[in-house]
Amino acid sequence: MSEKTKGQKLMKELSYKKQNYFEAASKEEKQAIFDYAEGYKAFLDAAKTEREACAASVALAKEKGFSEYKFGDPLKAGDKKYFVNRGKSVVVFRVGSLPLEEDGIRIIASHIDAPRVDIKQNPLYEDSGMAFLKTHYYGGIKKYQWTAIPLALHGAVVLKDGTKVEIRVGEDAGDPVFYINDLLPHLGQEQMSGHANKLIEGEQLNVLVGGLPYPDEEVSDKIKLTVLSILHEKYGMCEEDFLSAELSAVPAYPARDVGFDRALIGAYGHDDRVCAYPALTAVLDNETPHTVLAMLVDKEEIGSEGNTGIQSKVYEDLMEEISIALGANFRKVRAASKCLSSDVTAAYDPNFANVYEKMNAAILSCGTAMCKFTGSRGKSGSNDANAEFIGEVRKMFAEEGVVWQTAELGKVDIGGGGTVAKFIANLNIDTVDLGVPVISMHAPWEVISKADLYSNYKAFLAFMK
Ligand code: MN
Ligand code: MN
């Protein structure tokens with residue numbers, strides 16, 4: 001104390017500095033950070049597609065005494081409900097004791113779809129000793145990252161008679177995996193001198209699925225027939241059933257701790273399950289007088305379209321149904337509601353320092369990151385939250401001791417990204433983006449900090465308190 005000069009004291013009092021959450025946390029809180037990560041890793045492994053994330057979320061909700069809600073059901077204070085939209089998005093909510101028209105709904109919106117390689121509708125062929133499935137990738141990927149890694153196949157097939165069959169191959173220890181071929185360096189001079197966009201083209205992302213010829217001299221596509229016969233035996237499928245299938249190739253790796261100190265987690269699909277899981281558990285765990293709701297939606301990675309994406313009327317309808325069931329005017333409810341649009345942001349990476357503006361980039365382990373605006377080159381396409389609402393949220397976080405930071409995705413004139421925030425804000429709901437910083441976002445295996453994951457969970461608890 002005594003060795004501090006007046007200027008040093010004043011600087012400490014007046015200036016702002018980010019805090020590393022591992023450093024700021026007490027011993028007990030540090031333990032809580034590591035414990036919480038275990039549940040998250042289990043969720044990741046169970047939930048590699050939106051369908052699986054939806055089912056895993058429902059299972060967790062049921063464990064906590066939540067029951068299914070359908071439009072028109074009566075509701076009362078204390079009810080704990082989940083609403084499933086076509087098996088691909090899910091909303092969990094608790095009805096609070098405060099009057100809905102004055103207090104609104106505390107909403108957290110996140111997404112459970114992730115970039116991947118989807119199988120086409122007429123995909124199966126054989127060529128030169130190999131059978132392949134043709135694909136069309138989903139979301140913004142660097143295509144070259146998806147070659148030469150073990151892949152699993154996940155999804156659903158609706159058979160000719162209307163039966164739905166779930167497929168999940170490549171996750172269990174005894175399962176085979178799948179693969180996208182790359183070129184050997186010995187023949188890769190031309191490939192490697194080209195643009196990274198063209199290292200592998202969309203039509204070269206064919207998934208290797210077989211190599212055993214069917215033992216019949218009279219058949220021409222013998223390897224294709226072997227694959228078809230296995231699909232028929234295991235799933236009752238014929239080739240025509242691919243027409244009504246949704247199959248995705250996703251990385252076959254499980255979530256793992258990264259680093260000697262286990263501070264980080266590597267996994268497929270942190271974007272955006274690292275926000276969806278805390279949103280879900282915050283609603284499941286939280287006894288609060290507010291009506292709270294977490295939306296885990298689909299299709300964010302391709303523009304939030306379709307009847308399972310956030311632009312679908314279904315979410316607005318649900319909130320209106322909740323309002324009607326509680327005798328509240330929906331317009332008043334919306335106007336009083338608040339939303340954290342929870343999606344990941346880019347963590348500052350010193351290996352690629354030139355694309356970030358360090359003062360306003362999210363620093364790993366400094367907590368969940370609030371983005372006032374997304375977009376790029378003039379904030380185009382962004383929600384750009386109001387200072388008043390940020391001030392309100394900031395106060396909630398301070399009261400609960402949440403370690404958090406603000407962030408911008410990259411330099412002003414370089415790329416950018418959108419979130420679901422603007423669609424919710426359009427409903428006349430105060431909304432701001434808040435989410436976990438990610439290293440190598442959209443890669444088959446992304447990295448996050450356990451401190452940021454737990455900070456996100458704590459931020460949601462504070463927002464709902
Ligand atoms: Mn996202
Ligand atoms: Mn994304």
Side-chain angles (χ1 to χ4, degrees), residues 40 43-44 47-50 52-54 57 88-90 107-118 137-143 145-146 248 250-251 255 265-280 294-306 308-312 315 339-347 349 355 361-362 368-376 381-383 385 407-410 414-425 431-449 452-453 456 459-460:
Y40 173 55
F43 181 80
L44 282 171
K48 288 196 174 179
T49 62
E50 61 277 358
E52 291 173 358
C54 184
S57 302
K88 297 168 83 173
S89 72
V90 58
I107 304 162
I108 304 172
S110 60
H111 68 91
I112 48 177
D113 61 318
R116 62 190 183 221
V117 177
D118 280 347
Y137 58 93
Y138 174 97
I141 63 168
K142 286 174 156 180
K143 296 189 285 284
Q145 292 180 329
W146 293 73
S248 306
V250 298
I265 303 172
Y268 164 66
H270 281 311
D271 176 6
D272 186 31
R273 293 172 185 109
V274 74
C275 297
Y277 179 76
L280 171 71
M295 300 182 191
L296 279 52
V297 304
D298 182 26
K299 298 275 190 280
E300 194 280 338
E301 296 295 355
I302 57 168
S304 297
E305 313 286 350
T308 53
I310 196 76
Q311 293 195 73
S312 163
Y315 308 103
C339 174
L340 296 180
S341 160
S342 195
D343 204 346
V344 298
T345 189
D349 189 336
V355 297
T368 186
M370 184 184 291
C371 298
K372 183 179 186 298
F373 50 86
T374 55
S376 60
S382 113
N383 162 47
E408 201 172 328
L409 192 106
I414 298 180
T419 68
V420 302
K422 60 179 178 180
F423 303 117
I424 297 166
T431 306
V432 68
D433 278 294
L434 183 89
V436 169
V438 175
I439 295 283
S440 312
M441 192 197 299
H442 284 203
W445 225 57
E446 308 167 315
V447 167
I448 60 105
S449 158
D452 297 332
L453 166 71
N456 207 29
F460 294 161

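All ligand and atom numbering here is 1-based and tracks the order in the structure.
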Partners passing side-chain contact (heavy atoms from CB on, under 4.5 Å) against Gln311 (at least two apart in sequence or in another chain): Ser304, Glu305, Phe423

Side chain to side chain donor-acceptor pair (under 3.5 Å) partners of Thr308, counting only residues at least two apart: Asp298

Candidates Val297, Leu296, Asp113 - the one meeting side chain to side chain contact (heavy atoms under 4.5 Å, CB included) with Glu50: Asp113

Contact check, side chains of Asp271 and Glu446, non-hydrogen atoms, under 4.5 Å: yes

Check: Ile424 and Ile310 side chains under 4.5 Å, non-hydrogen atoms: yes

Atoms of type N/O/S from protein, distance to the Mn ion (ligand 2) below 2.8 Å: 4

Which residues share a ring pair (Phe, Tyr, Trp, His ring centres under 6.0 Å) with Phe43, sequence neighbours left out: Tyr277

